[in-house]
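Nothing here was measured: the structure is a model prediction, and the numbers come from that model.
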Amino acid sequence: MAIAMSSAMTMQFCACQQAQRENPLLQVSTLPFGAPDFSQIQTADYLPAFEAAIAQKRENIQKIVDCQDSATFENTIIAYEESGRLLDRVRPVFFALVEADKTPELGEIEKQVQPMLTDLENEIMFNKPLFERIRQVYDREHDTLTGEDKKLLEEIYKEFVRKGALLSDDKMERMKEINLRIADLQQQWGDILPEATNEAVVWVENKEDLAGLSDADIAQCAKDAESRGGKAPYAIVIVNTTQQAPLASLDNRDLRRKVYEASIHRADGTGKYNTFAIVCEIAKLRAEQAEIMGFPNYAAYSLDNTMAKTPENVYAFLKSLISQYTPKADAETKAIEDFARQSEGPDFQLQPYDRFYYSAKMKKQMLDISDDEVKPYFNVDSVLLNGVFYAANRVYGLTFKERTDIPTYHPDMRVFEVFDKDGKQKALFYCDYFRRPTKRGGAWMDGFAEQSRQRQQLPIIYNVCNSAKAPEGKPSLLTWDEVTTMFHEFGHALHGILSDCQYYRLGGTNVARDFVEMPSQFNESFASIPEIFDNYARHCDTGEPMPADLKERMLKSITFQTAYALGENLAATCVDLAWHMLPASQIPTPEEAPAFEKEALRQVGLLNPQIPPRYGTSYFNHVWASGYAAGYYSYLWTEVLAVNIADVFAQRGPLVPETGQDMRDKILSRGNTGDLMQMFTDFTGMAQPDASSLLKARGL
């Protein structure tokens with residue numbers, strides 16, 4: 001029998017229900033692997049969960065400080081490692097959504113949470129009694145501990161020292177202030193840049209202006225326009241990098257110019273989306289941090305904890321590449337301009353928004369191939385299942401089973417249970433590949449939980465990309481660059497999935513920035529191995545493999561005019577370093593920032609309007625918000641490591657399981673449990689990386 005209730009009674013009943021409801025973030029999930037239950041988590045749960053988790057962390061830290069027993073590895077180091085389990089559960093879930101599906105409500109919570117987390121870190125890093133106990137363990141037990149125990153002690157002690165635990169009181173207070181201000185500025189950056197990128201969309205009134213784009217791409221422009229408010233029938237959205245994919249196809253030169261300028265000026269205009277004030281203040285505060293810590297600049301401070309060690313080593317590495325790259329880049333530019341003049345006349349001046357367009361036409365003429373010809377063979381589902389997963393199975397013995405019963409934070413997300421070669425559960429893997437207005441640009445890997453034997457936790461890993469989702473009923477097709485991006489991000493995922501470490505802090509991808517990109521760069525190599533390529537490069541309608549002649553032309557095209565890709569990376573790297581090599585007194589003003597970037601590129605011989613940085617200063621998210629400050633060089637540095645490792649695989653047979661197991665045992669399973677260069681040497685037999693292989697691998 002149904003019982004009718006008055007509206008007042010209904011409201012009272014609902015309030016009572018809410019009061020009785022337990023916050024799912026504060027409970028250990030009953031889902032497989034302890035996966036977050038997104039079917040139960042509500043936006044309102046995050047702030048109280050953070051408050052409870054931070055309170056618990058503080059309480060656990062205080063217990064360590066109050067302990068009356070002499071400091072030992074067990075009662076201090078292990079206790080510290082385990083002090084924030086609840087926070088380690090809440091934080092990854094929240095920030096996964098902030099990055100990939102950020103609503104205004106989540107943004108408001110983030111503004112409250114970030115200062116709380118920064119305050120907590122300040123309290124811990126500058127807690128003198130806590131550090132004194134850690135130092136006592138370091139002094140007494142460092143020489144007797146072994147293996148992961150010793151590494152854990154070293155990493156914790158080193159973290160405290162690097163954050164300023166040995167500073168005087170007045171310097172500690174200043175470091176606290178700086179940390180809080182940087183966190184606030186990065187919060188502002190995280191709000192402004194995605195909005196600026198969304199706002200930079202180029203609206204198109206007439207379908208005729210989109211001539212050159214495929215029917216599928218035009219349909220995507222219509223879908224993008226609709227999802228962004230329909231100010232015009234079509235929209236070309238701006239992605240995170242400087243160059244934009246439609247520039248390779250658009251016949252309308254003026255529209256190409258508009259797209260390019262929208263990209264490079266997305267965050268440097270006169271309106272509310274100018275980020276230069278944030279950039280300059282962050283750079284100045286970082287320089288001051290370095291000076292407080294006794295370093296001449298932030299680059300020296302940051303690199304002290306990497307494989308490269310010093311800015312001088314990085315610059316030596318970069319200069320060797322620049323000297324070899326420059327004549328090849330100049331020749332490439334001249335060849336493209338000469339080609340364009342065949343149709344446009346002898347006075348035609350190639351512009352940066354023309355380069356991809358005429359390069360694509362040149363490639364079509366010389367190799368008889370275009371992106372539109374090959375995209376039907378790169379269906380995102382086939383690339384994932386028959387490419388990315390197939391390679392992981394052949395090389396590492398992993399198998400994947402889709403789980404439709406595990407909730408996700410967005411309908412586009414998929415979940416797979418990962419099994420090892422012996423059939424045992426190994427990990428959960430989530431993938432979220434399609435762009436949307438609530439997702440920041442780029443592609444990345446992270447985890448809802450990292451592997452730890454100490455915690456009896458298997459890894460819960462995810463990949464996020466920004467490919468276009470086709471209209472309903474149509475297959476979502478990828479460019480070759482997007483295919484390699486999927487393989488790249490899954491290389492990071494494998495680093496997390498295959499982790500076999502005792503401690504949470506040491507597992508998976510918790511390694512130096514100039515090592516963490518190696519497994520991902522290396523995994524890209526499998527995309528073009530014939531057996532793997534043939535398995536996933538199948539026509540989206542017929543399922544037929546790519547014809548042999550098209551495949552041959554397509555694989556040749558991978559190294560067609562590759563100077564640009566290297567140049568844009570070199571330029572971005574040098575922009576990053578230039579900002580972080582300055583003392584605080586020399587940081588430019590916001591008004592001077594654009595000129596500073598140009599001068600920095602001129603000084604290293606990379607001020608080339610034809611090959612701008614992959615990211616300009618005003619939209620360089622890696623550097624100002626994502627942990628790559630003075631570290632963007634790591635993509636090139638680790639590419640050398642990756643090429644050297646790929647050479648070993650090629651020599652032994654790229655799909656030989658024994659080689660894959662060797663890679664697992666010596667690198668991928670070990671996280672940060674040993675010396676990273678030694679891991680590289682153990683696998684390759686090389687005492688030092690060989691940089692000469694990089695240009696050859698890029699076809700230069």
Open item on the list: Quick check: closest heavy atoms across P311 and N297, and the distance to 0.1 Å?
Closed with: CG-OD1, 4.5 Å
Open item on the list: Determine whether a donor-acceptor pair (N or O, by modelled atom type, separation under 3.5 Å) exists between the side chain of D576 and the backbone of A630.
Closed with: yes
Enumerate donor-acceptor pairs with a distance under 3.5 Å from any side-chain N or O in residues 111-121 to protein atoms, sequence neighbours excluded.
| residue | atom | partner | partner atom | Å |
| --- | --- | --- | --- | --- |
| K111 | NZ | E108 | OE2 | 3.4 |
| T118 | OG1 | Q114 | O | 3.0 |
| E121 | OE2 | K163 | NZ | 2.5 |

TODO: Determine, stepwise, if the pair E123 / R58 fulfils salt bridge (charged side-chain N to carboxylate O under 4.0 Å, His left out).
DONE: CA-CA 9 Å; E123 287 177 27; R58 283 193 172 110; 2.6 Å; yes
Task: Heavy-atom closest pair, residues E450 and Q457 - done: O-CG, 3.4 Å
Open item on the list: Take a 6.0 Å sphere around NZ of K171 and say whether it holds more than 12 heavy atoms from other residues, nucleotides or ligands.
Closed with: no
Open item on the list: Hydrogens and angles aside, do Q425 and E417 bring a side-chain donor and acceptor to less than 3.5 Å of each other?
Closed with: yes
- [ ] Measure the shortest side-chain to side-chain distance between Y504 and D88 over non-hydrogen atoms and say whether it is less than 4.5 angstrom.
- [x] yes
Open item on the list: Quick one, E148 and C501 - any side-chain contact, counting heavy atoms below 4.5 Å?
Closed with: yes
Task: Pairs involving residues 282-291, ordered by first then second residue, that meet side chain to side chain donor-acceptor pair (under 3.5 Å) (sequence neighbours left out) - done: R174-E288, N179-Q289, R286-H580
- [ ] Report yes or no: does N393 contribute a side-chain atom to a donor-acceptor pair with the main-chain N or O of T399 at less than 3.5 Å?
- [x] no
Task: Partner set under side chain to side chain donor-acceptor pair (under 3.5 Å) for E51, not counting sequence neighbours - done: none
- [ ] Would you tell me whether T438 and K102 have side-chain atoms, one donor and one acceptor, within less than 3.5 Å of each other?
- [x] no
Task: Heavy-atom pair with the smallest gap, counting every atom of G442 and N466 - done: O-ND2, 2.7 Å
- [ ] State the NZ-OG1 distance between K151 and T673, to the nearest 0.5 angstrom.
- [x] 8.0 Å
Task: Side-chain heavy-atom pair K666, S669 within 4.5 angstrom cut-off - done: no
- [ ] For the residue pair R133 and I64, establish whether any side-chain heavy-atom pair is separated by less than 4.5 Å.
- [x] yes
- [ ] Taking N463 for its side chain and E489 for its backbone only, find out whether a donor-acceptor pair lies under 3.5 Å.
- [x] yes
Open item on the list: With a 4.5 Å cut-off on side-chain heavy atoms, are Y433 and L384 touching?
Closed with: yes
- [ ] Evaluate the ring planes of H622 and Y632, with Trp represented by its six-membered ring, and classify them as parallel (under 30°), tilted (30 to 60°) or perpendicular (over 60°).
- [x] perpendicular
Open item on the list: Treating S634 as the side-chain partner and G631 as the backbone partner, does any N or O pair qualify as donor plus acceptor under 3.5 Å?
Closed with: yes
TODO: List the steps and the verdict of side chain to side chain donor-acceptor pair (under 3.5 Å) for Y503 and D149.
DONE: CA-CA 9 Å; Y503 300 115; D149 291 350; 2.5 Å; yes
Task: Listed partners of E517 passing side chain to side chain donor-acceptor pair (under 3.5 Å), at least two apart - done: H488, H492, S520, Y628, Y635
Open item on the list: Looking at R453 and D500, would you say the former's side chain and the latter's main chain have a donor-acceptor pair under 3.5 Å?
Closed with: yes
TODO: Run through Y396, F526, F429 and flag the one making a ring-ring contact (aromatic ring centres under 6.0 Å, His included) with F490.
DONE: F429
Task: Donor-acceptor contact present, side-chain Q68 to main-chain D66, <3.5 Å - done: yes
Open item on the list: Tell me if the aromatic rings of F416 and Y430 count as close, with their centers under 6.0 Å from one another.
Closed with: no
- [ ] Please name all residues satisfying salt bridge (Lys or Arg N to Asp or Glu O under 4.0 Å) with R89, sequence neighbours left out, ordered by chain then number.
- [x] none
Task: Residue that, paired with R505, satisfies side-chain contact (heavy atoms from CB on, under 4.5 Å) out of N672, I156, N510 - done: I156
Task: SB check K150 E141 (cutoff 4.0 Å) - done: no
TODO: Classify the side-chain pair D665/Q661 by whether it contains a donor and acceptor separated by less than 3.5 Å.
DONE: yes
Open item on the list: F94: which residues meet the ring-ring contact (aromatic ring centres under 6.0 Å, His included) condition with it, sequence neighbours left out?
Closed with: Y46, F50
Open item on the list: Checking F487 now: which residues fulfil ring-ring contact (aromatic ring centres under 6.0 Å, His included) with it, not counting sequence neighbours?
Closed with: Y536
Task: Short side-chain to backbone donor-acceptor contact, Y409 and V93, under 3.5 Å - done: no
Task: Min side-chain heavy-atom separation K426-F419 under 4.5 Å - done: no
- [ ] Write down the atom of V415, the atom of L428, and the distance for their closest heavy-atom approach.
- [x] CG1-CD2, 4.1 Å
Open item on the list: I'd like to know if the side chain of Q27 reaches the main chain of E22, judged simply by a donor and an acceptor atom lying under 3.5 Å from each other, with no hydrogens or angles considered.
Closed with: no
Open item on the list: So that I can tick it off, tell me whether R440 and D101 are bridged by a salt bridge, with the cut-off set at under 4.0 angstrom between side-chain N and carboxylate O.
Closed with: no
TODO: Could you go through the side chain to side chain donor-acceptor pair (under 3.5 Å) check for D662 and T659 one step at a time?
DONE: CA-CA 5 Å; D662 202 28; T659 309; over 6 Å; no
Task: ring pair (Phe, Tyr, Trp, His ring centres under 6.0 Å) between F131 and Y80, worked out - done: CA-CA 11 Å; F131 178 65; Y80 178 72; over 10 Å; no
Open item on the list: I need the minimum non-hydrogen distance between Y462 and G447, along with the two atoms involved.
Closed with: CE2-N, 3.7 Å
Task: Results of ring-ring contact (aromatic ring centres under 6.0 Å, His included) for Y138 - residues two or more places apart only - done: H142, Y157
Task: Close side-chain approach of L166 and R135, heavy atoms under 4.5 Å - done: yes
- [ ] Might you work through the ring pair (Phe, Tyr, Trp, His ring centres under 6.0 Å) test for F448 and F33, ending with a clear yes or no?
- [x] CA-CA 10 Å; F448 296 124; F33 298 78; over 10 Å; no
Task: Set of residues satisfying salt bridge (Lys or Arg N to Asp or Glu O under 4.0 Å) with respect to D420, sequence neighbours excluded - done: R664
Task: Carboxylate-amine/guanidinium contact R414 E402, below 4.0 Å - done: yes
Open item on the list: Is it the case that atom CD in Q456 sees more than 12 heavy atoms from other parts of the structure closer than 6.0 Å?
Closed with: no
- [ ] For D191 and Q188, indicate whether the former's side chain and the latter's backbone hold a donor-acceptor pair under 3.5 Å.
- [x] no
- [ ] Sequence neighbours left out, what pairs pass salt bridge (charged side-chain N to carboxylate O under 4.0 Å, His left out) with at least one residue falling in residues 629-646?
- [x] E639-R698
Task: Flag, side chain of D412 to backbone of D432, donor-acceptor distance under 3.5 Å - done: no
Open item on the list: For a 4.5 angstrom cut-off between non-hydrogen side-chain atoms, does I497 reach I461?
Closed with: yes
TODO: Name all pairs fulfilling the ring-ring contact (aromatic ring centres under 6.0 Å, His included) condition that reach into residues 665-686, sequence neighbours left out, sorted by first residue then second.
DONE: F649-F683
Open item on the list: Please give me the minimum heavy-atom distance between N313 and A308, naming the atom from each residue.
Closed with: ND2-O, 2.8 Å
Task: salt bridge (Lys or Arg N to Asp or Glu O under 4.0 Å) involving E173 - partner list, sequence neighbours excluded - done: K176
